Amino acid sequence: MTKKDRPKKDDRPGIIVAHEMPDHAKIAPLSDGAFRLLIRAWCFVSRLEADGKIPDSVWREMGTQKARRELMAPPVLMPDREPLVVQRNGYVECHDYLAHQRAADEIEAIRESRSVSGEKGAHMRWHVGRRTTVSGCQFCEEESQSA
């Protein structure tokens, strides 16, 4: 299969889940409800760019009480480890979230980079490509100052 034959890659924001994650010793013993709640929690904090933190009021409405308790207890096969979700002051935190997912400031840096790239591409197409200089375009102004 050539590159052009491949389907377009999905560029929606998302979370990173290693393919061995469901079989990890901390995850495998979870009930289906707790596993689903964990994924839902990760998706929630990713969508809100909350760096793994969920307000208590929101957490109490997610999943069932049984699933929440399961995630807040030490892992069954690794009882010396921290729970997958840890209670803090006014919020719960998904343990090690930032070790595996992008932080809010990283997401913002990517957005900014894409924005600048888009502006530069438009400049190249509409200004450089037409051999014109547009006042107010930062790239045109930078080029005229360096010339």
Side-chain angles (χ1 to χ4, degrees), residues 1-130 134 136-143 146:
M1 178 182 283
T2 65
K3 186 175 181 178
K4 76 174 199 169
D5 294 330
R6 292 184 202 138
K8 183 179 180 277
K9 187 174 178 185
D10 188 342
D11 61 357
R12 292 176 291 177
I15 60 171
I16 298 166
V17 178
H19 58 259
E20 68 270 5
M21 177 271 224
D23 300 317
H24 189 279
K26 289 191 291 189
I27 307 296
L30 293 175
S31 67
D32 289 348
F35 183 85
R36 180 181 175 84
L37 178 56
L38 180 63
I39 299 297
R40 183 174 176 209
W42 289 348
C43 290
F44 175 85
V45 295
S46 173
R47 188 173 58 252
L48 269 57
E49 298 172 18
D51 290 346
K53 298 172 183 168
I54 304 171
D56 283 341
S57 59
V58 174
W59 176 246
R60 284 191 298 270
E61 300 299 317
M62 294 178 87
T64 64
Q65 184 177 9
K66 179 183 176 201
R68 290 191 306 272
R69 272 197 315 258
E70 195 174 338
L71 292 179
M72 296 178 81
V76 172
L77 298 178
M78 304 170 90
D80 58 328
R81 295 284 185 88
E82 257 193 42
L84 293 165
V85 175
V86 180
Q87 180 66 55
R88 304 285 189 219
N89 189 17
Y91 64 93
V92 295
E93 184 173 21
C94 298
H95 177 68
D96 277 351
Y97 178 81
L98 293 177
H100 305 285
Q101 309 300 333
R102 288 189 180 111
D105 59 347
E106 291 175 287
I107 295 167
E108 182 56 35
I110 291 168
R111 264 194 214 110
E112 179 64 27
S113 172
R114 287 179 180 164
S115 175
V116 170
S117 295
E119 291 170 6
K120 179 74 173 181
H123 163 75
M124 296 300 290
R125 178 176 182 182
W126 298 107
H127 305 164
V128 174
R130 293 180 176 185
V134 176
C137 171
Q138 83 178 59
F139 301 107
C140 288
E141 291 171 4
E142 288 172 3
E143 288 171 1
S146 66

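Because the structure is a prediction, the values reported are computed rather than measured. Index from 1, following the sequence.
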*Give the intermediate values and the outcome of side chain to side chain contact (heavy atoms under 4.5 Å, CB included) for residues Leu30 and Leu37.*
CA-CA 10 Å; Leu30 293 175; Leu37 178 56; over 6 Å; no
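- Atom CE of residue Met72 and atom NE2 of residue His95 lie 13.5 Å apart, to the nearest 0.5 angstrom.
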*Going through the distances and angles, do Ile16 and Arg102 end up as a side chain to side chain contact (heavy atoms under 4.5 Å, CB included)?*
CA-CA 9 Å; Ile16 298 166; Arg102 288 189 180 111; 5.6 Å; no
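- The two atoms that bring Ala25 and Met78 nearest to each other are CB-SD, 3.7 Å, heavy atoms only.
- In terms of heavy-atom proximity, Glu82 sits nearest to Pro75 at O-CD, 3.5 Å.
- Distance check: Cys94 SG to Leu38 CG gives 6.5 Å after rounding to the nearest 0.5 Å.
- For the atom pair OH of Tyr91 and CG of Asp56, the computed distance is 10.0 Å after rounding to the nearest 0.5 Å.
- You'll find the side chain of Ile39 reaches within 4.5 Å of the side chain of Met21, heavy atoms only.
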*After noting the C-alpha distance and the side-chain angles of Val85 and Tyr97, does the key distance pass the side chain to side chain contact (heavy atoms under 4.5 Å, CB included) rule?*
CA-CA 10 Å; Val85 175; Tyr97 178 81; over 6 Å; no
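- The distance from the NZ atom of Lys26 to the CG atom of Asp96 is 5.5 Å, given to the nearest 0.5 Å.
- When all heavy atoms are compared, the tightest approach of Val58 to Phe44 is CG1-CZ, 3.7 Å.
- Between Leu84 and Ile27, the shortest heavy-atom contact is CD1-CD1, 3.9 Å.
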*asked:* For Lys53 and Arg88: C-alpha separation, side-chain torsions, deciding distance, then whether side chain to side chain contact (heavy atoms under 4.5 Å, CB included) applies.
replied: CA-CA 9 Å; Lys53 298 172 183 168; Arg88 304 285 189 219; over 6 Å; no
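- For the atom pair Gln65 CD and Arg68 CZ, the distance stands at 6.0 Å (nearest 0.5 Å).
- In this structure, Asp80 places its CG atom where more than 12 heavy-atom neighbours from other residues, nucleotides or ligands lie under 6.0 Å away.
- Formation of a donor-acceptor pair under 3.5 Å by the Asp51 side chain with backbone atoms of Ala104 is found in this model.
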*Dump the intermediate steps for side-chain hydrogen bond (donor to acceptor under 3.5 Å, both in side chains) on Ser46 and Gln101, then the final yes or no.*
CA-CA 8 Å; Ser46 173; Gln101 309 300 333; 5.9 Å; no
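- The two residues Pro29 and Val76 make their nearest non-hydrogen contact at CB-CB, 4.0 Å.
- Across Trp59 and Ala41, no two heavy atoms sit closer than the pair CZ3-CB, 4.3 Å.
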